[in-house]
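Let me begin by presenting the structure, written as structure tokens, before commenting on it.
Throughout, protein chains are lettered first and strands after them, A, B, ... in sequence-line order, and every chain is numbered starting at 1.
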Amino acid sequence: MRDFESKPPNHDGPKFLTHRNSTRRARGGSAGSRPGSGSADASGSRPVRARPVRQPFRPPVTSRPLRCPFPPLDGLAMLSLDFLDDVRRMNKRQLYYQVLNFGMIVSSALMIWKGLMVITGSESPIVVVLSGSMEPAFHRGDLLFLTNRVEDPIRVGEIVVFRIEGREIPIVHRVLKIHEKQNGHIKFLTKGDNNAVDDRGLYKQGQHWLEKKDVVGRARGFVPYIGIVTILMNDYPKFKYAVLFLLGLFVLVHRE
Amino acid sequence: MNTVLSRANSLFAFSLSVMAALTFGCFITTAFKDRSVPVRLHVSRIMLKNVEDFTGPRERSDLGFITFDITADLENIFDWNVKQLFLYLSAEYSTKNNALNQVVLWDKIVLRGDNPKLLLKDMKTKYFFFDDGNGLKGNRNVTLTLSWNVVPNAGILPLVTGSGLGRDSWESDY
């Protein structure tokens with residue numbers, strides 16, 4: 001019978017001499033790396049015989065002379081050839097499936113994020129600590145979970161993340177003083193644990209107190225070190241693009 | 001599992017999941033602990049002045065001076081998930097202008113490994129006790145509390161108040 005060892009399911013119909021088959025035959029069967037080509041005895045001229053099992057990682061001799069100058073990267077080059085094979089063998093339906101899968105992943109991530117925003121009431125429920133002004137409690141790269149519920153009043157000693165008018169980077173500091181009026185209007189002052197003075201120097205010119213509208217949220221939970229990836233991606237944008245590109249490539253090209 | 005890259009990939013994924021499980025374990029085992037400890041506060045001297053508030057809006061406000069003692073044993077709070085304790089002494093009172101005022105007078109960081117028994121005497125306040133206005137004069141009811149913020153290795157950041165307060169009042173002139 002025809003060899004069926006590792007023939008991919010959607011190969012070209014074995015009965016027809018297509019352009020691909022003919023070119024493969026012309027290349028001399030490519031050192032046994034294309035098993036399907038064994039089935040290209042469309043003209044019935046070649047006797048059916050057992051073909052050797054496809055040997056992985058041997059690139060076809062003539063088609064892609066990919067010679068990596070650095071030997072350690074040879075493995076990587078061969079891997080990428082594998083992926084390209086995968087892409088070639090996928091038909092349109094699988095490609096659409098992959099794209100839809102990717103879309104599902106992205107939209108469920110977005111749903112989770114927006115859901116978190118609603119539950120915590122904060123516009124940015126997870127923040128990364130960017131400066132060292134709260135050491136030794138929080139170092140650069142730590143992740144903070146925030147809530148901003150209206151029923152929780154701001155009290156002294158809480159760690160608040162606030163944004164100063166006119167600046168877009170939020171700051172994580174501790175509340176030092178509050179003065180609350182009868183009608184609920186609060187004005188408060190903050191200071192970073194590691195700073196010697198309070199934050200009046202950071203506020204806008206002429207602003208002495210912060211108000212509730214400046215607050216992004218209050219820190220309720222904390223996970224160390226995870227945010228370093230975000231800091232790296234901010235400091236080295238090329239790294240960010242490289243990561244995104246690789247991720248997209250992997251998701252689209254992998255069958256699972 | 002026959003290339004360096006796929007081995008590295010699965011090793012990395014495994015170590016990531018182990019670390020995530022550990023972090024979650026740290027959080028869940030200490031999330032519901034009661035971190036309150038009895039505290040003794042004593043105020044030895046208080047004084048009141050009325051000066052221009054040089055730390056903020058330049059108005060004449062009341063400035064208070066307090067000297068205090070603290071006795072507390074924080075040993076029971078420290079466990080495997082506590083990185084440090086941020087202690088702060090706050091004064092709470094209400095005035096004519098503002099229904100609620102809270103001012104931090106003094107704070108201290110107690111790291112894991114530091115001596116957890118606090119025996120402080122005659123401490124001066126670290127931060128100026130300015131009021132927003134002139135509400136300290138004649139204020140009968142100013143409550144001093146020692147609270148702390150438990151900073152964990154991973155997990156919730158609770159604010160706990162020590163049980164036991166100090167109360168003082170100011171006379172009606174400077």
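Neither the backbone nor the side chain of B:F24 comes within less than 4.5 Å of any heavy atom of chain A. In this structure, the portion of B:L111 lying under 4.5 Å from any heavy atom of chain A is its side chain and not its backbone. B:T23 touches chain A through its side chain: at least one heavy atom from C-beta onward sits under 4.5 Å away, while N, CA, C and O do not. For B:L100, the parts lying under 4.5 angstrom from a heavy atom of chain A are both the backbone and the side chain. For chain A, the nearby parts of B:V104 are the backbone and the side chain; heavy atoms of each come within less than 4.5 Å. Only the side chain of A:R174 comes within less than 4.5 Å of a heavy atom in chain B; its backbone stays farther off.
Under the 4.0 Å criterion applied to side-chain N and carboxylate O atoms, A:R163 and A:E123 are assigned as salt-bridge partners.
Between A:W209 and A:H179, the ring planes are perpendicular. Angles over 60° get that label, and only those under 30° would be called parallel.
Partner of A:T120 under the side-chain contact (heavy atoms from CB on, under 4.5 Å) criterion, out of A:T147, A:N148, A:I126: A:T147 alone.
Atom CG of B:L120 is separated from atom CG of B:L89 by 10.5 Å, given to the nearest 0.5 angstrom.
Within residues 218-227 of chain A, the residues having any heavy atom less than 4.5 Å from a heavy atom of chain B are, in residue-number order, A:A219, A:R220, A:G221, A:F222, A:V223, A:P224.
With respect to chain B, the highest number of heavy-atom pairs below 4.5 Å among A:V175, A:V156, A:V197, A:I186 belongs to A:V156. The choice from B:I156, B:N153, B:V151 that makes the most heavy-atom pairs within less than 4.5 Å of chain A is B:N153.
At least one donor-acceptor pair closer than 3.5 Å links the side chain of A:R200 to the backbone N or O of A:H208. Remark: the backbone N or O of B:T95 is not paired with any side-chain donor or acceptor of B:N98 at under 3.5 angstrom.
For A:D199, the side-chain hydrogen bond (donor to acceptor under 3.5 Å, both in side chains) test picks out A:H173, A:T190, with sequence neighbours left out. Scanning for ring-ring contact (aromatic ring centres under 6.0 Å, His included) contacts around B:F86 gives an empty result, with sequence neighbours left out.
Within the structure, side chain to side chain donor-acceptor pair (under 3.5 Å) contacts touching residues 102-112 of chain B (residues at least two apart or in different chains) are B:E92-B:Q102, B:D107-B:K126, B:D107-B:Y127.
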Apply side-chain contact (heavy atoms from CB on, under 4.5 Å) to A:V215 and A:L210, showing your working. CA-CA 8 Å; A:V215 170; A:L210 283 177; over 6 Å; no
